[in-house]
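Shown next, in structure tokens, is the structure this report addresses.
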Amino acid sequence: MIHSPLRPLHSNPNFSPFLNPNPNKLFSNARRGFPRPRKHSLSLVSALKPLVKDGVLKINDKEALKNVPDNVLVSKPVDGSAVFLGAVSDQMSSRHVFKLGVLEDCRLLCLFRHKIWWMIPRMGSSGSDIPVETQMLLVESKEEKESRNGSSDYILFLPVLDGPFRSSLQGNSLNELEFCIESGDPAVQASQFNESVFVNSGSNPFELVNESIKKLRSYKGTFSLREDKSIPGMLDWFGWCTWDAFYTEVSPRGIEDGLKSLYEGGIPVKFLIIDDGWQDITNEFQKEGEPHIEGSQYGARLVSIKENSKFRGMKDFITKIKKTYGLKYIYAWHALMGYWGGLEPNAPGTKKYNPRLLMPNQSPGNLAHIRDFSMDDGMQIYGVSMIDPEKIFEFYDDLHSYLVSQNVDGVKVDVQNILETIAAGYGGRVSLTQWFHQNLERSISKNFQDNSIICCMCQSTDSIYSAKVSAVARASDDYMPRDASSQTLHIATVAFNSIFLGEIMVPDWDMFYSRHYAAEFHAAARALGGCGVYISDKPGEHDFSLLKKLVLPDGSVLRAKYPGRPTRDCLFSDPVMDGKSLLKIWNLNSLSGVIGIFNCQGAGTWPGLVSTEDGNSSDKILTGSVRPGDIEFLEDIAGNDWAGDSAVYSFNAGSLSRLSKNETITVSLKVLECEVFTISPIKRYSSDVEFAPIGLIKMYNSGGAVESIDSDLRDDNSIIQLSIRGRGSGLFGAFSSTKPKSCKLNSKEQDFSFIDDDNFLTFMIPPSDSSWKLDVSF
């Protein structure tokens with residue numbers, strides 16, 4: 001263990017964070033605002049006894065690691081009990097792997113990159129279970145379990161950006177936790193790292209992650225929190241993406257056909273993504289008449305910021321479909337570097353951006369996992385023609401201002417992690433990523449209203465910890481309708497990734513087909529996700545009965561308030577491969593909670609793991625339970641006067657129950673089956689009236705329709721009426737201990753039904769009343 005004060009980061013003194021391809025010529029970046037690594041005078045604990053004793057690292061008196069090596073650096077506590085860990089080497093290098101200590105006999109959850117673009121979860125019990133490229137590690141501590149009535153404490157490890165270096169976690173066969181730290185540029189070297197891994201502890205895992213990310217935001221200053229960002233309006237409206245409908249064969253005619261078929265079915269699209277296929281590109285590796293080489297499509301390069309011949313007259317087309325179908329938002333796709341293969345260096349429309357052909361070089365961490373087709377059979381073979389960093393804002397500004405002139409409202413920006421593979425000679429992966437993100441977000445803010453960007457293929461902490469403005473990011477690999485093994489993995493991946501990603505971005509769950517054997521599974525999950533809801537149906541191939549459980553007649557959706565995440569009792573259980581665990585995902589609305597339970601077992605296997613289940617596991621019926629206590633922070637929306645009981649509405653069963661916090665409902669599900677429960681705290685408003693609004697009970701997220709409830713009391717505290725405000729049409733339901741005397745909808749008498757057996761009050765809200773006030777008198 002190091003006891004001396006921390007020394008400054010030992011970087012190469014001749015190195016500038018941004019170098020031209022000519023290493024002898026520096027960028028003129030002082031006036032251009034190139035980012036510089038933040039410097040901190042973080043010092044070691046002089047005695048270290050409060051944190052490390054006999055080689056054991058304790059955080060808030062909880063054992064985090066044992067057998068901590070002597071070269072590990074531990075900071076003074078940061079805003080409480082949290083600390084940064086670092087390490088010292090006796091050699092300068094652009095990449096180091098340091099041991100932190102032994103981790104054994106625990107339950108742990110890792111979020112790690114299994115491909116260069118994407119992150120998935122992995123559960124385990126010791127350091128050897130921690131994969132390379134882990135970006136979040138949550139460990140359950142069982143110390144003092146008996147004294148805390150069986151409850152758990154949690155320790156969180158977050159590998160972070162340390163100056164121009166990016167860290168990640170990994171384990172080895174000796175159960176040692178290690179961190180890898182690398183710059184991605186051989187010229188950017190160091191021997192000492194002071195704040196590479198952030199460690200914190202707490203008794204609530206969701207509060208722990210939230211508070212830790214807030215501390216990192218305040219200390220590092222390289223990103224912003226989701227809750228502080230401007231959230232794009234398109235998230236609250238139903239969308240359609242062209243990708244799985246047409247792939248790159250998208251055309252104006254096809255788009256019109258799709259919009260028309262959805263509109264005529266009563267599901268109006270309000271948000272459209274024109275995905276890959278509209279841009280003006282060339283591909284020297286695909287010659288007419290020659291056999292197609294799979295992967296060569298990723299060698300295509302952009303020749304102009306304008307549309308291709310299919311979309312000529314783009315402004316007129318977009319103006320027309322907005323007017324005809326009532327579209328509110330239209331986004332266009334582009335890659336971070338313009339297109340997959342970057343810009344064509346000699347094209348008249350792109351040569352002013354000084355593109356330079358580079359061959360991507362993946363880090364050892366990426367190479368340790370699953371190879372990615374677009375990278376390994378595409379860009380790594382055909383190269384990426386990188387935009388000159390000094391020209392990057394000019395390029396984004398030109399592209400985005402042109403799209404605005406065509407009546408486009410925003411962009412989906414893909415292939416973002418490419419920067420880490422082409423950062424040599426440009427200051428390294430962190431510096432290059434921060435510079436590109438800064439200029440991308442600057443262009444978005446200048447040209448578009450409403451922070452209109454979806455980030456994609458960006459699940460590296462280089463990108464995540466550089467997102468100051470961008471508010472929406474894809475949380476999983478692509479939706480793959482023809483891959484049967486990926487359907488359950490998709491749901492589980494987004495839910496677990498949202499634990500971490502959701503503190504910085506609104507997780508995007510991607511598109512899905514509404515007419516598909518797993519459509520209900522995907523639809524229910526998106527209703528819980530707090531995300532945008534958009535499909536990618538081919539024209540005419542829609543399940544309108546399913547879509548009407550997600551989309552209101554005006555095209556809006558009932559979006560929950562937060563990112564949907566696994567319940568606490570699911571955090572360390574594998575919902576895909578252990579053969580027994582169901583996945584529960586929770587969220588909150590203004591006055592209720594919502595929870596879905598999903599059988600993800602038996603349909604697929606996690607990349608890198610081998611299933612031990614027999615071949616008939618997909619036929620198993622699994623049984624689990626749901627309780628109001630599964631909803632975190634339910635008491636916060638219930639208020640101080642809540643006695644603890646909740647009304648629980650089962651969506652598929654259509655039943656209403658009254659449960660205390662820890663009473664359960666048993667659920668049995670086949671693979672790819674799910675159930676959704678709305679959990680509404682029952683409030684007492686008088687001696688004989690208890691009430692809990694459920695919401696629009698034909699919608700998956702019923703409670704998303706309810707915005708507020710007020711009571712009007714007589715002088716003797718007996719109730720006169722409850723006034724409930726909400727939006728959307730359809731069948732409204734509520735728990736009521738007493739049959740009302742009357743119900744009025746927007747001041748008009750309304751017929752209602754009341755079932756004494758389960759205290760279920762229902763009535764219809766007609767489509768004409770999209771926003772409403774309901775007065776229930778007793």
Side-chain angles (χ1 to χ4, degrees), residues 103 105-115 118-140 169-171 173 175 205 368-371 459 475-480 482-500 509-510 517-518 521-522 524-525 564-585 596-625 667-675:
L103 185 61
D105 301 324
C106 60
R107 296 203 301 170
L108 58 84
L109 165 67
C110 308
L111 299 179
F112 74 102
R113 284 201 301 168
H114 75 296
K115 292 183 181 179
W118 308 117
M119 186 166 62
I120 59 174
R122 177 72 57 83
M123 296 75 183
S125 60
S126 64
S128 62
D129 296 320
I130 300 169
V132 171
E133 278 291 317
T134 288
Q135 300 189 130
M136 188 203 85
L137 171 62
L138 182 67
V139 179
E140 182 184 50
L169 297 173
Q170 60 192 50
S173 60
N175 289 331
H369 287 308
I370 293 197
R371 309 301 294 274
Q459 287 184 16
S476 71
D477 201 342
D478 289 3
Y479 167 70
M480 300 177 188
R482 289 178 295 279
D483 183 357
S485 66
S486 72
Q487 307 305 313
T488 55
L489 272 66
H490 188 105
I491 304 305
T493 293
V494 181
F496 278 93
N497 284 350
S498 294
I499 298 170
F500 168 52
W509 285 65
D510 203 15
Y517 65 87
F521 208 68
H522 284 280
R565 289 158 286 179
T567 57
R568 197 182 304 200
D569 59 341
C570 291
L571 290 177
F572 303 103
S573 300
D574 185 348
V576 170
M577 291 181 61
D578 72 6
K580 59 184 180 181
S581 299
L582 297 174
L583 173 64
K584 293 184 287 186
I585 303 172
I597 183 167
F598 300 81
N599 186 347
C600 300
Q601 299 284 349
T605 59
W606 292 116
L609 296 181
V610 178
S611 175
T612 58
E613 289 292 301
D614 60 53
N616 297 319
S617 59
S618 62
D619 299 327
K620 283 185 179 179
I621 296 176
L622 296 181
T623 299
S625 63
V667 184
S668 295
L669 300 168
K670 297 179 182 178
V671 66
L672 286 172
E673 286 186 341
C674 61
E675 177 63 289

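Residues take their numbers from the sequence shown, with the count starting at 1.
- Of the possible polar contacts, one joining the Asn497 side chain to the Met119 backbone as a donor-acceptor pair under 3.5 Å is found.
- Considering all non-hydrogen atoms of both residues, Ser498 and Gly564 come closest at CB-O, 3.5 Å.
- Interatomic distance, OG of Ser126 versus CG of Asp105, reported as 8.0 Å (0.5 Å rounding).
- Taken from CG in Asp129 to CZ in Arg107, the straight-line distance is 13.5 Å, to the nearest 0.5 Å.
- Residues Thr493 and Asp477 are not in side-chain contact: their nearest non-hydrogen atoms beyond the backbone lie 4.5 Å or more apart.
- When all heavy atoms are compared, the tightest approach of Tyr517 to Gln487 is OH-CG, 3.6 Å.
- Across all their heavy atoms, Gly608 and Ile370 have their closest contact at N-CD1, 4.4 Å.
- Of all non-hydrogen atoms in Asp574 and Met123, the two that sit nearest each other are CA-SD, 3.9 Å.
- Residue Ala603 comes nearest to Val671 through the heavy atom pair CB-CG2, 3.9 Å, listed as atom of the first residue, atom of the second, then distance.
- Between the Asn175 side chain and the Ser128 main chain, a donor and an acceptor come within less than 3.5 Å of each other.
- Side-chain contact between Val610 and Thr605 is absent, with no heavy atoms from C-beta onward closer than 4.5 Å.
- At least one side-chain heavy atom of Leu138 sits less than 4.5 Å from a side-chain heavy atom of Phe572.
- Atoms NE2 and SG, on His522 and Cys674 in that order, are 10.5 Å from each other to the nearest 0.5 Å.
- Not counting sequence neighbours, the partners of Arg113 by the side-chain hydrogen bond (donor to acceptor under 3.5 Å, both in side chains) test are Glu133, Asn366, Glu420.
- Between the side chain of Ser573 and the main chain of Cys570, no donor-acceptor pair closer than 3.5 Å is present.
- In this structure, Pro566 and Leu583 have side chains that are in contact, with non-hydrogen atoms separated by less than 4.5 Å.
- With Phe598 as reference, Ile585 is the one residue of Leu582, Ile585, Thr488 to meet the side chain to side chain contact (heavy atoms under 4.5 Å, CB included) rule.
- Relative ring orientation between His369 and Phe112 is described as tilted, the plane-to-plane angle lying within the 30° to 60° band.
- Annotation: side chain of Leu571 is in contact with side chain of Pro205 (closest heavy-atom distance under 4.5 Å).
- Using a 4.5 Å cut-off on side-chain heavy atoms (C-beta onward), Gln601 and Ser581 make contact.
- Counting only distance, with no hydrogens or angles, the side chain of Gln135 and the backbone of Gln459 share a donor-acceptor pair below 3.5 Å.
- Of all heavy-atom pairs between Ala495 and Trp509, the closest is N-CH2, 4.2 Å.
- For Asp483, the salt bridge (charged side-chain N to carboxylate O under 4.0 Å, His left out) test picks out no residue, with sequence neighbours left out.
- The side-chain heavy atoms of Thr134 and Arg122, taken from C-beta on, include no pair separated by under 4.5 Å.
- Considering only heavy atoms from C-beta on, Ile120 stays 4.5 Å or farther from Leu489 through its side chain.
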